Every structure is written in C-alpha cells, then in structure tokens.
Amino acid sequence: MRIDGYRYTWRLPLIVWQALFFIGPLMLMVAMSFWLVRNYRMTPDFVFDNWDRMMSRSFFWDAYEVTLVRACVAAVLATLIAFPASYALAFKVSDTVRRWAIFLLVVPFFTSYLVRIYAWQVLLAESGPINAVLGFGGIGPFSMLNSGFGTMVGYMTLVLPLVIILQTTSLAGIDRNLIEAAWNLGASPVRTLFRVIIPAAKVGLIIGAVFAFILSFGDFVSPFYLGGSKPPTLSILIIDTTKSGQQWPLAAVVAIMMIVTLFVVAVAAVGAAYGRRRS
Amino acid sequence: MTHTKFTRRTLLAGTAGVALAAPMINRAWAQDPVEINMLAWYGHAEPDMVEEFEAENNVKFVPKYYAGGDNMLALIAQSPVGTYDVILSDAEFVQQLNAAGYIEPMDSSLFPFDDFWPEYQNFPGHWTGDQLWSVMVRFGLLGVAYNTDALTRDEAMSYNAYWNDKVAGKVGHFDWHLPSLGQMSLLNGNRSPSPYDIDEAAWKAVQEKTLTLKPQVGGYFDYGGTFASLKNGEMLAMAGIGDWITAVLRKDGAPVDSVIPEEGGIQWTESYSIGKGSTKAELVNKFIQYMLSPRGQVRSIQMAAYPGLSPTKSGWKAIQEANPAEAERSGLIEGAEQSPIKLLSENRVFLRDIPRQQSLEDWNDFWSEYKTA
C-alpha cells in the first residue's frame, strides 16, 4: 500500500492540533474523573466514586435537564428569530448591503461577551432603562433579571449574530432557478418557502441551530449573571464543585457528560442535515 | 594642557548641579524594593492598604488573590514551598494550613496581644499550646443585609425577615454554602457549641428549613453580583453577607444596611501567617506589626475593597479619632448596640466554621440540591 505523503503532509497540522488541544486534554479529563482529591490535591487513582456520587445526585440530573431544555429553546428561538433577517439579507438586499450587514453582525464579537452581559444587567434591571420606558406607557416594572428570560436574552446575545451569518450564507447559496421554477409552476410564496427554500438551505439552518445549542449548552455567563444561577446549569455546577473542596474530578464527570451530550446532538444534527442527500 | 580655574561661581554652579541631580542619584543608588509575595483575598495588597508600609520599608507586595479558603489551600498545594511569604487566611482554614505544614511558627512576643480585646487574644485554631501560627488582623460579622426601603430595622432583626412577604422573590444568597447555612442553623436555634457543630437530626432540620426559603429566593450571586443586585434593587435582602458589602454600598448612596439579628451573627476572621519556607519572615512580621498598629487598623477598618472590624483596643480608639462617623456606623464604640464585643458578651456571635459532624461535601451537595430545587 502506498502512502500519499503529500496529502498526509497537508493533513498533519490538523491532526497535531486536534491531538494537542482536544484529544490530549480530553483523555486527561477522562482519567481525572477517576482520581481522588486528598488535602486539596488531586491524586491519580482509578476509582468510580466520582461517577457514582455525581450520577446518583438528583441535583445533577435537575441541572442536566435545565441545561438541555434551555439550550434546545435557545436553538429553536435563535433559528426562528434569525430566519426573517437571514431571508431578507439573502434575497431582498443588494450584495453591498449584505456584505455590510454581515460585517455589522461580526462587530459585536469585537466586544467581550461578558461586557455585553454586564450591559444587559443594567438594561434589564427593574430600575433600568427598559422598565423606565415601559413605565411611561403605564406598564411594568417587570422582573427580567435573574430569570429564565434574562438567561435567554444572554443566549441570544451570544448566538444570534452567528446563526444569522450561517443562515444567510446558506440561503444566499440557493440556486435562484429553483425558486423561479417554483413560482412559474404556480407555487405560492409560503409554499415556495417551505417546499423549496427551507429544504435547499437545510444544512445551513441545522448547522446554525446546532451552533446555537452548543454555545448555549456550555455557557456559564448568561445563566449566572442574567439568570441569577436560578436554577443552576451544568456549567454553574462545575464552578460550584470546584469551588468547594477543589473537587476537580467531580467537575470532570460533569464536563464529560456535557461533551457526550454535545457529541450525540452534533452527530444527530449532521445526520439530519446530510442524511437524505446521501441516499 | 588646559587648566580649569575654580572660581566661586563655578563652585556654586557645581554645588547646585549636584543638589539638583541628588534625587536621581539617590534613586539610582537605592536598592530595588524587596518583593513580598502575598496570598490573600482581593484588596489586601492594594495601595490603600500597603502603600505606606511599602514606602517606609522599600518593599513591594506581589499579590495572588484567591476566592475562598478552598481555593487558597489548592493554590498553596500546587505551588513550590516558599512561593508565598505572607498568607491571609480565614480563621477556619488556619488549622488546615498548619496541619498541612503550609505555614511557619510565629514568635508571639513580637505582637501586641495585650492590646487585643480579651475575646480575641487566644483565638481558636491560631495557637497550639503556646505556639502561635497566625495573627488575627481583622474580622467582620454576617447578619441580615436588607434594603432599608423594603424592610425596617426591627423587621431585619431576625432571620425570619427572609420569609417576609415584602421581599418575596427578592431574597438573594451570597453563593457560598457556609455563611447561608450557618445562618439557617442559627435560626433553628443551633447555638451551642456552634451552628456548624450539629448532629444529623439538626442538620436535617436545617436542610428542611432552608428549602422552605426557596420560593422567596431571587438568585445566587458572586461578589460582583451581590453588589450589583443589592445596588440596583433587584434583591431586597441578602443572606450570607454583612457589613463588608453593605458598608461599601452605603458609601455609594444605596439604601441598604445590615444588622446582627437576635438569633446571632456569623463572624468571619482574617489572619496573617508566614508561608512555609519564606526567607522574608522578618519583613512579614514587621508588616503584621504595622497592620496591628493604630494606623494600620484605621486602614484595615476602612479598606476600599471591603471594610473590616478591629480586634485591638488601640484600633478602636484610632478610628474613633480618625473617622468618628465610621466608628459609630461599624459599632467600634464600647457599649454601642451593634458593638462586636457587646454582641460577643451576649453570645450572639459565632465563628464561621466548616461542618464538624458532616463532611464539607455533604453541605455542598445540599447547597447544590437547594439551588436546583
């Protein structure tokens, strides 16, 4: 068997990168989940105590459920909110406007996510400007901070620009002849949207939703600073676990469960995105 | 060959030149400041605390700040011996520092224990027999922190204030199980020997009582979140904190205050130790002496990051002279209603501790369960 050296040389950086910064740390974390902490110092071992302990606690499964549900809601919300904007950018504006819009969608990433969340703290506070404006209309005040709503606002701040960019790219790549053909054959705009545009942009829409899920599932900042840790998500549980007694092995158990979940969701999503095309 | 002729004018010019250049020469000749590595809570190596000592002794503090005693112990455990010259620790962790061999023995004759209030002279855990391991420099009390527009002082004089309808959904927790659960334990009447030394039945009762508070709770906050939520009125009462936060907010004009309720308060205590293997023990001792001096205590009481109370009589006298309003506000006047010494004599102050009959993990697991309930 002849090894294609040229091809493997180009693949090498990716393999080295993955080995150094993903596979290596992942293996270490898996090993760490079987270690013990003695006198605030981790001791290599091979015991199942951490797994037993974390898996048997109701608070872990409660936090797991909360995290999963909120990430799903964030993915669906982001997809729905982003779609009209993406559709407009893909089909209703000139190339120049689209380029500017995409640039402007990238601009929020120039600022730290944490800073943007602190800004939301001010805006969403009961004594903040949003409630002040609502107050002029005789509405409110509403408790938006330290709630699921606050957390969701944070998630959207994190994921929405990215989802719009992914959706726009996907929608803009649709063959216009397909849309025109649907119209010529008498399809209504709604029917064209659901039977032609969405199926054609399926990959981008699913990938956008998956990114929204992944980022929300692992986010610590929004549920902590806008949700008031009420209830805590898995990321907050990791912080709590390491804060008390330096239980990094227990935190590793939580982290591995998160990675497994994300892996399953990502594989299922890729299957859903590309599955039918292969057949 | 040219000869320089020295006249009175050249002599004066030369002298003036040397005089003008003297500060530069002096600075160039001066030794670089000695670096003292400090492991402490945030704020202890900031200019408002150490600039005077640094200038007088040509030293420079290099801080490593931690967030919590567990974090402190882990940082020491993961560092080579001698990394930290001076370690600031909460009282409940001093014994663990000592047991793990992380600190050096100290010479008690170097410190003015006669000036300490008797209640703090032989502080638990700081001594083994006659051997001193750590010197207490400040403390504070945790009680009911509340928004003065929402609750009256009388209403706040019991931990039952957290269940008051006026603060429904607006009770926050400082996100650390020890202070909040200690307060719940006090509310359940666990005073002797300590709210942290309770049997299984009492621990179960504390858990049940704590869970009844859940509908009132608006969130769990870190240091910054606690400040923000009290300041912007999102939270109207906060469990697990005290004057160390509300005093800073009051200076900012926020309508908040804290009191030690009838059931008693939890005391936090900060003490300095010399890190194992430090080669700068002499300077560290000098620094601790400075912090215990009246001017050091005045700085400590008014520390910008979070204020503390003074364990020394001269510290009380000094703050009464330097800032009478602050002395009155913080109760550093003998006989004042919320004077810590008076509260101690009334058996209304209990040292924050680690659980004595349960494991730390048990308390932490319950805290996680409570948060997800």
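What you see is a predicted model; the values in this text were computed from it and never measured. Letters A, B, ... mirror the listed sequences (proteins, then strands); counts begin at 1.
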### Query
Among S229(B), A228(B), G218(B), who wins on heavy-atom pairs under 4.5 Å with chain A?
G218(B)

### Task
Counting only heavy atoms closer than 4.5 Å, note whether Y102(B) contacts chain A via side chain, backbone, both or neither.
side chain

### Query
What part of S143(A) is in contact with chain B, defined as an atom under 4.5 angstrom from a non-hydrogen atom: side chain, backbone, both or neither?
side chain

### Query
For F149(A), does the CZ atom sit with more than 12 other heavy atoms under 6.0 Å from it, leaving out its own atoms?
no

### Query
Does the side chain of F224(A) come within less than 4.5 Å of D175(B)'s, by heavy atoms?
yes

### Message
So does N232(B) get a backbone contact from the side chain of S127(A), meaning a donor-acceptor N/O pair under 3.5 Å?
### Response
yes

### Query
Roughly how far, to the nearest 0.5 Å, is the CG atom of D365(B) from the CD atom of Q247(A)?
9.0 Å

### Summary
To the nearest 0.5 Å, atom CG of N364(B) lies from atom CZ of F59(A) at 7.5 Å

### Query
For the atom pair OH (Y225(A)) and CG (D222(B)), what is the distance rounded to the nearest 0.5 Å?
4.0 Å

### Task
Using atom types as modelled and distance alone, determine if a side-chain donor or acceptor of E234(B) lies under 3.5 Å from a backbone N or O of E126(A).
yes

### Message
A quick test of your reading: do over 12 heavy atoms of other residues, nucleotides or ligands sit less than 6.0 Å from CH2 of W248(A)?
### Response
no

### Message
A quick test of your reading: do over 12 heavy atoms of other residues, nucleotides or ligands sit less than 6.0 Å from CZ of F211(A)?
### Response
no

### Message
Are M235(B) and N146(A) packed together at the side-chain level, in the sense that at least one heavy-atom pair is separated by less than 4.5 angstrom?
### Response
yes

### Query
In this structure, are over 12 heavy atoms from other groups packed under 6.0 Å from K64(B) atom NZ?
no

### Task
Please flag which part of H177(B) lies under 4.5 Å from any non-hydrogen atom of chain A: side chain, backbone, both or neither.
side chain

### Summary
Most contact-rich option vs chain A, by heavy-atom pairs under 4.5 angstrom, among Q96(B), H173(B), Q78(B), is Q96(B)

### Query
Does NZ belonging to K251(B) count more than 12 external heavy atoms closer than 6.0 Å?
yes

#### Entry: Separation between OH of Y220(B) and CG of D240(A), rounded to the nearest 0.5 Å
10.5 Å

### Query
Does any heavy atom of chain B fall under 4.5 Å from the side chain of I239(A), the backbone, both, or neither of them?
neither

### Query
How far does NZ of K230(A) sit from CZ of F221(B), to the nearest 0.5 angstrom?
8.0 Å

### Query
CD1 of I236(A) to NZ of K371(B): how many Å apart, nearest 0.5 Å?
6.5 Å

### Query
Would the number of heavy atoms belonging to other residues, nucleotides or ligands and lying under 6.0 Å from CH2 of W17(A) be above 12?
no

### Query
Heavy-atom count around Q131(B) CD within 6.0 Å, excluding the residue itself: above 12?
yes

### Query
A74(B) versus chain A, heavy atoms under 4.5 Å apart: side chain, backbone, both or neither?
both

